[in-house]
Amino acid sequence: MENSLPLHLCQVHKFSIIINRTYAFLHCIAIAFLIYYRASFLCQQPKTRTTPLLPWLLVFAGELVLSFMWLVGQAYRWRPVYRTVFPERLPKDDNKFPAIDVFICTADPKKEPTVEVMNTVLSAMALDYPPEKLHVYLSDDGGASITLTGMKEAFKFARSWLPFCKKYGIKTICPKVYFSSSEYQYADSGRAEFMEEKQKIKEKYEVFKDRVLRATEKGQAEDKNARISTGAHPSLIEVINEKGNEATEEQVKMPLLVYVSREKRPSHSHHFKAGSLNVLVRATSLVNINSPYMLVLDCDMYCNDPTSARQAMCFHFDPKISPSIAFVQFPQTFHNLSKNDIYDSEIRSIFRILWYGLDGLKGPVLSGTNFYIKREALYGISSQKGLDLIELKNSFGQSNEFLKSLRADHKSSIDDGSDSSSKLLPETKVLASCAYEDNSKWGEEASFMYHSLVEDYFTGFKSLHCKGWKSVYLNPSRPQFLGTSTTNLNDLLTQGTRWGAGLAEVLISKFSPLIYGPPRVSLLASMGYAELASFPIYFFPLWCFATIPQLCLLNGIPLFPEVSDSKFYIFLFIFLSSLSKHLYEVLKTGGSIRIWRNEQRIWMIKGVTCYFYGTLNAIMSKLGLSEASFVPTNKANDDEQAKRYLMGIFDFQTSTMFLAPLVTLTILNIVAFFWGVLRMIITGDWEKMFAQVLLSFYILIMGYAIIEGMFVRKDTGRIPPSMTILFAILSVIFLSLGSIVLMY
């Protein structure tokens, strides 16, 4: 290392720690008073109680859940740290860099357009890393012919794109983004030459894109019975650039590019993305000289900067921390967000607040994409001689070639000859077969974990952090990766339901973080994982506070202290301090009051819809009443929906199961609010029910977009009037039945 200077720095944000811990202390005292107030009611004689027991218990239970969620969430705020790296201090000799495999996963060319996927592939190939040590793999779970065709066309274009990027030091290495921007990085003295060459490369890109689009149209006709996701198809592994053909006219070295489509049969569980990644882990152990590191990318998450690999290596080259680091996590950032971001598609709180906090403990959660992970950490064993063969076969299956690759001194048996495919394909096809994992520990103890739809979260917790590994979070000023986020309500809630189901599965399993974690990781780290796993249970307090106080308000039953009672200010303090702390974090990370409002609203919408359905799905799956399902998030553009998103207008073209709770609860709160105001005017007693009226008013303010969709808007993205009428009737029925039950 140059002058023995550090490759990275870690800074503890002391001011944030002071703010967070002071707030936690005050808020904790207020919660203690609230619990005392609620519990004292239960100690009263039944005859002296002025409020029915059931609504009081339900609201108290909701407050306890919110308090629990707040408590475990403090782990993120306990010791946030920020990291800086110095890749310019890395060794100048390329031979000292370890090999890296890049894994890109796609499943459905209809929802994940092939041109977009190939742009991700091209950006990965253009990383600033020794090309002979960079290997790019695309896993096609759909087995679609168009994806393989796109790979071949992408490699042809890469012969021109990669030399251009290297020659002129191009930073935006995704060709689609580069040619749609005005990036001029070359010196003025060479501007004419640069512009001429750029125009030539752009013309080649247009040819590449047209060929892929034409092939897509042709492929759609050929693949009417396409084998997508749940289809049946044999394994197919093809090396796009054989070593004997890799030299271009300019003798430019090219990264290895490989297409992988694993075998899928309806009779075998394929375990979604985790299963796909595990096939890649096995296949790459034979194709390469056992690359020690892997970069995992979603098919829409292109490399926005060429230096991410070198930045990650700043940690892996540090002998003090490298032996304990499993992965380096970069944030997920998105290029298609509007300034308003009405759906909170940025996921701001996770990547700008929570992961910094976890980095100060055990390290951030494995986040699905944008991470460089150590192969040894995934295997769960040490790469050394003398490993027991029987034990290895029980864990990793019966392939002798794969078992040989587990040794640190293993060298690939594939030579430099042109017959490499004949040696490679038979064994790799065995590793990609759907029956290979039978009677092994793949997905159980080795590699990416199964049995949860959030395989990334579960793998990071059970397979890495609980086994002593650490991780680091790196968020450079220039986003290293940019992807496509959800920009319509239907995709947002569908994705949220899938995530909610996966997290709830972990929560109710034997691997629940607060049970499985403490003996293996620190209590604070366990709390951080527990807060994420418990996110779906937000549905309970949100449903309680959207219904119980409103039903009681309509029946004249107070659930909170009167305004003149000093205990009222306990509730007011907790309510305002929570909102203020959230607003502080939003503003601190460069957000605005509008973003704060949007996040509050989406949290409430998710709570009564996808968190509820996700938890229900997890419980039914646990009882054996349903099977887990995975629907890829739609990455294809819908111009009309995109236009509404940019304008900050909600698009309510979604499933009835999502609209039902939103409309029903909104109508209930409208009725409760106006009835409560009318009651206060008539009786002149506004103190008794003020808190419940205020709660309904807050819900209506946050849910104004729903009211607008029901009664104001006339466009196709509104809530259909028939739905509004139907759910209004359901609201009346719910109100009547709820009042009877609560008064019992």
* To do: Anything under 30° is parallel, anything over 60° is perpendicular, the rest tilted; go ahead and classify Phe560 against Phe545.
  => parallel
* Asked: So, Asn340 side chain and Ile342 main chain: donor-acceptor pair closer than 3.5 Å or not?
  -> no
* **Val59 side chain reached by Ile548 side chain, heavy atoms, under 4.5 Å** => yes
* Asked: Considering residues at least two apart in sequence or located in another chain, which fulfil the side-chain hydrogen bond (donor to acceptor under 3.5 Å, both in side chains) criterion with Ser338?
  -> none
* Kindly compute the distance separating SG (Cys105) from CG (Leu277), expressed to the nearest 0.5 Å. => 4.0 Å
* Is there side-chain contact between Lys643 and Met647, with heavy atoms separated by less than 4.5 Å? -> yes
* Structure fact -> Nearest heavy-atom approach of Gln692 to Leu559 is OE1-N, 2.9 Å
* Heavy atoms of other groups near Phe697 CZ, more than 12 under 6.0 Å -> no
* To do: Decide yes or no for Val65 and Tyr538: does some side-chain heavy atom of the first lie under 4.5 Å from some side-chain heavy atom of the second?
  => no
* Who passes ring pair (Phe, Tyr, Trp, His ring centres under 6.0 Å) against His268, sequence neighbours left out? -> none
* **Pair Val712-Ile707, side-chain contact (heavy atoms from CB on, under 4.5 Å): steps then yes or no** => CA-CA 8 Å; Val712 180; Ile707 299 174; 5.7 Å; no
* Please examine the side chains of Glu505 and Ser621, heavy atoms only from C-beta on, and report whether any two atoms are closer than 4.5 Å. => yes
* Asked: Should the pair His465 and Tyr529 be assigned to parallel (<30°), tilted (30 to 60°) or perpendicular (>60°) ring geometry?
  -> perpendicular
* Check: Phe650 ring centroid to Tyr343 ring centroid under 6.0 Å -> yes
* **Atom of Ser592, atom of Val586 and distance for their closest heavy-atom approach** => O-CG1, 3.4 Å
* Will you find, in the side chains of Ser261 and Asp140, an N or O donor that is under 3.5 Å from an N or O acceptor? -> no
* Asked: Would you say the side-chain atoms of Asp341 and Asn598 include a donor-acceptor pair closer than 3.5 Å?
  -> no
* Side-chain contact, heavy-atom cut-off 4.5 Å: Val365 with Asp456? -> no
* Before giving the answer on side-chain contact (heavy atoms from CB on, under 4.5 Å), spell out for Leu297 and Tyr302 the whole-Å C-alpha distance, their side-chain angles and the decisive distance to 0.1 Å. => CA-CA 8 Å; Leu297 296 175; Tyr302 65 83; over 6 Å; no
* Structure fact -> d(Ile706 CD1, Thr724 OG1) to nearest 0.5 Å is 11.0 Å
* Is atom CG of Leu623 surrounded by more than 12 heavy atoms (other residues, nucleotides or ligands) closer than 6.0 Å? -> yes
* Examine distances only and state if a side-chain atom of Ser731 and a backbone atom of Phe727 form a donor-acceptor pair shorter than 3.5 Å. => yes
* Asp298/Lys273 salt bridge by N-O under 4.0 Å criterion -> yes
* To do: Any chance you could lay out the side-chain hydrogen bond (donor to acceptor under 3.5 Å, both in side chains) test for His451 and Glu444, step after step, and finish with the verdict?
  => CA-CA 8 Å; His451 308 303; Glu444 302 286 345; 2.7 Å; yes
* Nearest-0.5 Å distance, OG of residue Ser447 to OH of residue Tyr450 -> 7.0 Å
* To do: Establish, yes or no, whether a centroid distance under 6.0 Å links the rings of Phe539 and Phe612.
  => yes
* **Geometric class of the Trp70/His27 ring pair [parallel <30°, tilted 30-60°, perpendicular >60°]** => tilted
* **salt bridge (Lys or Arg N to Asp or Glu O under 4.0 Å) contacts touching residues 691-714 (sequence neighbours left out)** => Arg713-Asp715
* Indicate yes or no: at least one non-hydrogen side-chain atom of Asp651 is less than 4.5 angstrom from one of Thr716. => no
* **Salt-bridge contact Glu599-Arg597 (side-chain N to carboxylate O under 4.0 Å)** => no
* Asked: Do Pro52 and Ile557 come within less than 4.5 Å of each other through their side chains, counting heavy atoms only?
  -> yes
* To do: Inspect the contact between Arg352 and Glu585 and indicate whether a charged nitrogen and a carboxylate oxygen are less than 4.0 angstrom apart.
  => no
* To do: Hey, can you tell me if Phe461 and Tyr457 have their rings parallel, tilted or perpendicular (30° and 60° cut-offs)?
  => parallel
* What orientation do Phe448 and Phe371 show, parallel under 30°, tilted 30 to 60°, or perpendicular over 60°? -> tilted
* Asked: Backbone N or O of Ser367 within a donor-acceptor pair of the Gln332 side chain at under 3.5 Å?
  -> yes
* Met620: what forms a side-chain contact (heavy atoms from CB on, under 4.5 Å) with it, not counting sequence neighbours? -> Leu616, Leu625, Ser626
* **Ser485 side chain vs Ser345 backbone, donor-acceptor pair below 3.5 Å** => yes
* **side-chain hydrogen bond (donor to acceptor under 3.5 Å, both in side chains) between Ser139 and Arg262, intermediate numbers included** => CA-CA 8 Å; Ser139 171; Arg262 58 178 170 148; 5.4 Å; no
Name the atoms and distances for all side-chain donor-acceptor pairs under 3.5 Å in residues 657-678, with sequence neighbours left out.
{"from": "Thr664", "atom 1": "OG1", "to": "Ala660", "atom 2": "O", "distance (Å)": "2.7"}
{"from": "Thr666", "atom 1": "OG1", "to": "Leu662", "atom 2": "O", "distance (Å)": "2.6"}
{"from": "Asn669", "atom 1": "OD1", "to": "Gln550", "atom 2": "NE2", "distance (Å)": "2.7"}
{"from": "Asn669", "atom 1": "OD1", "to": "Ser696", "atom 2": "OG", "distance (Å)": "3.4"}
{"from": "Asn669", "atom 1": "ND2", "to": "Ala546", "atom 2": "O", "distance (Å)": "3.2"}
{"from": "Asn669", "atom 1": "ND2", "to": "Leu665", "atom 2": "O", "distance (Å)": "2.8"}
{"from": "Trp675", "atom 1": "NE1", "to": "Leu554", "atom 2": "O", "distance (Å)": "3.4"}

* Distance-only, no hydrogens or angles: does the Glu63 side chain make a donor-acceptor pair with backbone N or O of Pro541 under 3.5 Å? -> no
* List for me each residue that meets ring pair (Phe, Tyr, Trp, His ring centres under 6.0 Å) alongside Phe458, sequence neighbours excluded, and say none if there are none. => Phe511
* Nearest-0.5 Å distance that lies between atom CG in Asp491 and atom OG1 in Thr487 -> 7.5 Å
* How long is the span from the NE2 atom in His582 to the CD atom in Gln600, to the nearest 0.5 Å? -> 5.5 Å
* To do: Search all heavy atoms of Ala530 against all heavy atoms of Leu514 and return the closest pair with its distance.
  => CB-CG, 3.5 Å
* Minimum heavy-atom distance Val117-Leu138, with the two atoms named -> CG1-CD1, 3.9 Å
* Of all heavy-atom pairs between Cys434 and Arg265, which one has the smallest distance, and what is that distance? -> SG-CG, 3.6 Å
* Asked: Given Thr484 and His335, is the side-chain contact (heavy atoms from CB on, under 4.5 Å) satisfied, shown in steps?
  -> CA-CA 6 Å; Thr484 305; His335 61 80; 3.3 Å; yes
* **Validation row: Arg77, Lys581 side chains within 4.5 angstrom (heavy atoms)** => yes
* Asked: Would you say Ser452's side chain and Gly502's backbone share a donor-acceptor pair under 3.5 angstrom?
  -> yes
* **Side-chain donor or acceptor of Thr51 paired with backbone N/O of Pro558 under 3.5 Å** => yes
* To do: Please round to the nearest 0.5 Å and tell me the distance separating atom CG of Leu58 and atom CG of Leu551.
  => 10.5 Å
* **Minimum heavy-atom distance Cys610-Thr497, with the two atoms named** => CB-OG1, 3.1 Å
